[in-house]
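All remarks here apply to the structure that follows.
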Amino acid sequence: GHIYEGNLVGSGLKIGIVVGRFNEFITSKLLSGAQDALKRHGVSEEDVDIAWVPGAFEIPLVAQKMAISKKYDAVITLGTVIRGSTPHFDYVCNEVAKGVSRINLDSGIPVIFGVLTTESIEQAIERAGTKAGNKGWDVATGAIEMANLLRTFE
Ligand SMILES: O=c1[nH]c(NC[C@H](O)[C@H](O)[C@H](O)CO)c([N+](=O)[O-])c(=O)[nH]1
């Protein structure tokens, strides 16, 4: 039988990025990690569009707009929700996760979930370019892999 898998060759792919401004100290690092990964895998900067939204709660709506525009091979979502400072932490996280996962199925476009949900600021910093790596890099390579994988099914 056939093994389907997407390679990490990004050249020619069009990528949309939705990033939340809330906790911008962290989300800006996630964004640069994603941009670095896209560039290092051959995605040209002119093929990357970036939309800034107020916070994670607004990510799904703009991610949906990008996905249904059919202008992108994949959409990356970036945000940071920290329980310590979020009164409705579980609600915000669940709604954003549910919203993003639904867009994948409704649009058929890979929309990668890159919203950090952590207990503390320290944990967020660890995942935004320090000892636990950069989640932005990880979701960017995931976007390239999924875009290429889905092309094999067309
Ligand atoms: O992205 C975040 N948005 C947060 N709230 C804003 C929310 O995403 C919406 O922007 C806001 O509710 C307006 O709709 C956060 N907290 O509340 O702490 C958070 O930690 N992260």
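Note: hydrogens, waters and symmetry copies are ignored here, and every other heavy atom, side chains too, is used. In listed order, ligands and their atoms are each counted from 1. Because the structure is predicted, anything quoted here is derived from the model rather than measured.
- The shortest distance between side-chain heavy atoms of L38 and I76 falls below 4.5 Å.
- Within 6.0 Å of CD1 in I121 there are 12 or fewer heavy atoms belonging to other residues, nucleotides or ligands.
- Given atom 14 (O) of ligand 1, the protein heavy atom at minimum distance is E58 OE2, 2.4 Å.
- Numbered from 1 in the order shown, with element, the atoms of ligand 1 that lie under 4.0 Å from a heavy atom of N23 read 19 (C), 20 (O), 21 (N).
- Residues D47 and K14 are paired through a salt bridge, judged by an N-O separation under 4.0 Å between the basic side chain and the carboxylate.
- Applying side-chain contact (heavy atoms from CB on, under 4.5 Å) to K135 and the options L30, T80, I26 leaves one that passes, L30.
- Taking a cutoff of 4.0 Å between a charged side-chain nitrogen and a carboxylate oxygen, K98 and E95 qualify as a salt bridge.
- The N/O atoms of V92, backbone and side chain alike, include none that comes under 3.5 Å of an N/O atom in ligand 1.
- Among protein heavy atoms, atom 6 (C) of ligand 1 sits closest to F22 CD1, 3.8 Å.
- Ranking the protein heavy atoms by distance from atom 17 (O) of ligand 1 puts T86 CG2, 3.6 Å first.
- Per-residue contacts place I82 under 4.0 angstrom from the following atoms of ligand 1 (heavy atoms of the residue considered): 20 (O).
- The closest protein non-hydrogen atom to atom 8 (O) of ligand 1 is F57 N, 3.0 Å.
- Of all protein heavy atoms, the one closest to atom 21 (N) of ligand 1 is T80 O, 2.8 Å.
- Under the 3.5 Å distance criterion, the side-chain polar atoms of T27 are matched with a main-chain donor or acceptor of G20.
- Protein heavy atoms are found inside the 4.0 Å sphere centred on atom 1 (O) of ligand 1.
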